[in-house]
Amino acid sequence: MVLKLSTLKLKFPNKIPPWLNFPGRYFSLSYAATLRPKPETDTDPQSVDNYEEKIGFLKHNLHPDNLIRILDTTQDSNSALKIFKWAALQKSFNHTPDTYYHISLKLGLAGNVKEMDNFCLNLARDKCVGSREALASLVHTFVRHSRLNEAIRVLGNMTLCGLNPSVDVFNDLLCALVKKTDFQNVLFVYKEMVKGGIVPTVGTLNSLLEVLFETNRVESGLNQFRRMNKKGCSPNVRTFEIVIKGLVLNNRVDDAVLILHEMLELKYQPDVCFYICIIPLFCQENRLEQGMQLFKRMRAANLVPNSVICRELVHCLCMNLHLDDAINILEEMIEIGEIPPLDSFVDVMNGFCEAKRYNEAMCFLENNCGNLVSPHKVLLEGCCKADNFFLGISLLEKMSERGIADCDCWNILLSWICENASIKKAYELLGRMIVRSVVPDCSTYAALVVGNCNLNKYEDALELFHYIRSKFWVLDSKCYSRLVEGLCRLKRIEEAVMVYYYMSKSKCPLEVATFNLLIEATCDAGKVDEAVKLRSLAYYSGTSCSSVTHITIMLAFLKSERAKDVLVMFSQMVIGGCKVHAEVYCILIRSMCALNRFKDCALFCKLMINESLMPDSGTIHDLLSCLTNHSQLRLVSKDIDKIISGMDTLDSTMFNLLINGLWKEGCRSEARNLLDLMLERGWVPDATTHTLFVGSNVEGVTSRGRPTYENSMDEDNVSNILAEALGK
């Protein structure tokens, strides 16, 4: 076999697919640290000596095997390339597929994909004996080193030159691409396979199915699954595993159950990998029937379940209160030498508590969980939730005797006593706790704070809080909210603010409802500036500020005649993403009225109406009074009908105000319409309105003694009534 020197200078033809022309920078360089090429101008003496030494050796020993050894021991890919090209110039030497393989591998691993492509393409075009095998090995090696882009380029060169590799090469690359969920490249490799006339195997189609489901192409995946027989392949157990898993993970659990039934009807025998994958999936979806069905088949086949299967199955059984089955599985695990995970014992205890089978739970603990703390805690919490104090105290005593009752265990019972019993009993339990040499922690004192708050003993609660603060501890969310809420209701604002400041500096959020109560109490005490500071600190502590928070402060500003500050708080509200309610618009309108900013009043009114919101009667009165005083009712003349139709609280005083204002501004048609509506509602215009309309009609009487209303286009009820009045 002879490879000509001219092949070293060949470049890609124009018809090479675009994907082969990617710049080298798009490819991974995980080996760059050790294989990074050195510049041609590198003057490192050791590098030069090594290069010259290797060339000197090859001059007298130029043979493919010797060249390969030299290439493999040359760390610098640029030097290796120079040696390779030097060898090609020697008249007595011809490169082989093996030498091309080694130089291509070195260049590819170093990220020099351009030179690598040239060599691979030339080798594929020459189609010498061993070329196909060398390139196929190159693909496998790149895959093994996770250099998938380089592997794809080598494969592309092979198929481009009609040197199609075996199906195993395609499958190897497809499996690696599927692990990366690289759908586009999987599709490309599969198409290259089809174009090359390579018949796919079930492994090929499994890879295609897997990437389709992993990229949420469920219908395409099911379609490919149904067409497998047409492609000359029958699905295997791995196929069903891929399809069932893909359907479950894409929320198509019912379809997954149908595929499972189909598989079992066709007498497929699942392997252990299938069970390990599928049983947990069905259990996580609370499909207990399918999980147990597969588990029984697994045990019938003498396959040993692993801890993942047992954990998920026990969890699902306990959720559905199939406690006896769950215990049987745990016992089976112990018999075969498997140590059940701690979570499984906790699940069983949760199931017993849910089913209120406390005596059985105690027996289970005695027999299986002697020194395991977590299951004991679960039962202790269950006793408290069931208000079974005596069983709880008995369990705690047993735990103490075994030395497994830590501070958390005591706090569980102590918290329940503080919530449901007397604070006296809580202190008694605290004494027993100290006698047992258990040191109280922050949660212990937090429970006592809650107990005192429940009894309105806020002096004692504050004393406990000061102790907690001296230890630089922080309250839990429940205790924090309870203390602040109680202090606010008792109007002890300074203490509530003090607690809030301390907790906020520790970045502990306060519940939204309690925070709003604190803001309201602070504003009611006339400390609106303090409320603003509390709100600013909320963002630092993670406390959420709702629309109610901002509305409360805005109202306080309005009542304090600080209308300008209302706009500042409104801007903060908008920045915070809070929803603007009708109440917010009303506050804004009234604030603008107080500032005599009539244009802004009209603007907010229009915005409000456009959002299908209606102002209250007090806001309407302030708005119309402001616009009337400035003779600017025309700004809302087009919206008056919407306001009137959307409100039932407008009285005759408001109508008279509107009619007079519109008439004076020259909007006489609108004024007459409002007078008609006023009369229809049975209201009598006041003297000012009556005089206004009578005067206008008197001025309209002609020299012939006929009023102009008879010739007017506006012959409505208002005109008729006024005309009759004039006639009398």
Side-chain angles (χ1 to χ4, degrees), residues 477 480-481 484-485 488 496 500 503-504 507-524 527-595 597-624 626 635-636 638-649:
S477 177
Y480 180 20
S481 294
V484 171
E485 180 182 346
C488 288
Y500 174 76
M503 294 295 290
S504 295
K507 296 188 176 181
C508 298
L510 182 62
E511 292 178 1
V512 176
T514 308
F515 179 64
N516 288 337
L517 181 64
L518 176 62
I519 292 293
E520 182 181 0
T522 306
C523 290
D524 289 345
K527 299 179 178 181
V528 63
D529 291 323
E530 186 72 43
V532 173
K533 292 179 182 178
L534 297 178
R535 177 201 158 277
S536 299
L537 197 57
Y539 290 100
Y540 176 78
S541 65
T543 301
S544 299
C545 291
S546 64
S547 297
V548 175
T549 311
H550 296 88
I551 289 172
T552 303
I553 297 175
M554 290 167 69
L555 274 173
F557 277 135
L558 184 62
K559 291 176 182 177
S560 303
E561 298 182 355
R562 295 170 60 178
K564 289 184 179 180
D565 293 327
V566 171
L567 280 177
V568 176
M569 186 53 55
F570 174 66
S571 66
Q572 295 296 322
M573 179 180 181
V574 173
I575 292 171
C578 296
K579 187 176 180 180
V580 181
H581 300 287
E583 188 175 1
V584 177
Y585 281 117
C586 290
I587 296 171
L588 289 169
I589 291 171
R590 292 166 67 184
S591 299
M592 296 303 99
C593 290
L595 295 172
R597 293 169 58 169
F598 52 85
K599 289 185 178 179
D600 291 331
C601 292
L603 173 63
F604 284 125
C605 180
K606 288 180 180 293
L607 289 174
M608 191 175 187
I609 292 172
N610 289 339
E611 294 182 21
S612 301
L613 301 173
M614 283 295 155
D616 55 43
S617 58
T619 304
I620 284 293
H621 183 274
D622 289 352
L623 172 67
L624 297 181
C626 177
L635 294 176
V636 295
K638 295 181 180 179
D639 302 309
I640 288 176
D641 290 340
K642 294 179 182 178
I643 294 173
I644 293 174
S645 62
M647 298 187 64
D648 298 326
T649 56

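Please read these numbers as outputs of a predicted model, since none were measured by experiment.
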Testing the basics here: between [X] and [Y], what is the closest heavy-atom pair and its distance to 0.1 Å?
X      : Y      : answer
Ser591 : Ala563 : O-CB, 3.5 Å
Leu623 : Ala602 : CD1-N, 4.4 Å
Cys586 : Pro615 : SG-CA, 3.7 Å
Ala582 : Met614 : CB-O, 4.4 Å
Met554 : Met573 : SD-SD, 4.4 Å

Let me confirm one number: the [atom1]-[atom2] distance from [X] to [Y], rounded to the nearest 0.5 Å.
X      : Y      : atom1 : atom2 : value
Leu607 : Leu613 : CG    : CG    : 10.5 Å
Leu534 : Thr543 : CG    : OG1   : 10.0 Å
Arg535 : Thr549 : CZ    : OG1   : 8.5 Å
Ser504 : Lys533 : OG    : NZ    : 14.0 Å
Leu510 : Leu518 : CG    : CG    : 7.0 Å
Cys601 : Leu635 : SG    : CG    : 9.5 Å

Quick one: do Asp529 and Arg562 make a salt bridge, cutoff under 4.0 Å?
->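 The answer is yes: the pair qualifies as a salt bridge.
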
By ring-ring contact (aromatic ring centres under 6.0 Å, His included), which residues pair with [X], not counting sequence neighbours?
X      : answer
Tyr480 : none
Tyr500 : Phe515
Tyr585 : none

Applying the side-chain contact (heavy atoms from CB on, under 4.5 Å) test to Glu583, which of Asp616, Ile551, Val548, Thr619 qualifies?
->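 Between Glu583 and the candidates, side-chain contact (heavy atoms from CB on, under 4.5 Å) is satisfied uniquely by Ile551.
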
Determine yes or no for a side-chain-to-main-chain donor-acceptor pair under 3.5 angstrom, with Ser544 supplying the side chain and Val512 the backbone.
->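 No, because the side chain of Ser544 does not come within donor-acceptor range (under 3.5 Å) of the backbone of Val512.
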
Donor-acceptor under 3.5 Å (Ser547 side chain, Lys579 main chain) |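 Such a contact is found between Ser547 side chain and Lys579 backbone.
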
Min side-chain heavy-atom separation Val532-Met569 under 4.5 Å |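 They are in side-chain contact.
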
Would you check if there is a donor-acceptor pair between the side chains of Thr552 and Asn516 at a distance under 3.5 Å?
->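 Per modelled atom types, Asn516 and Thr552 side chains form no pair under 3.5 Å.
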
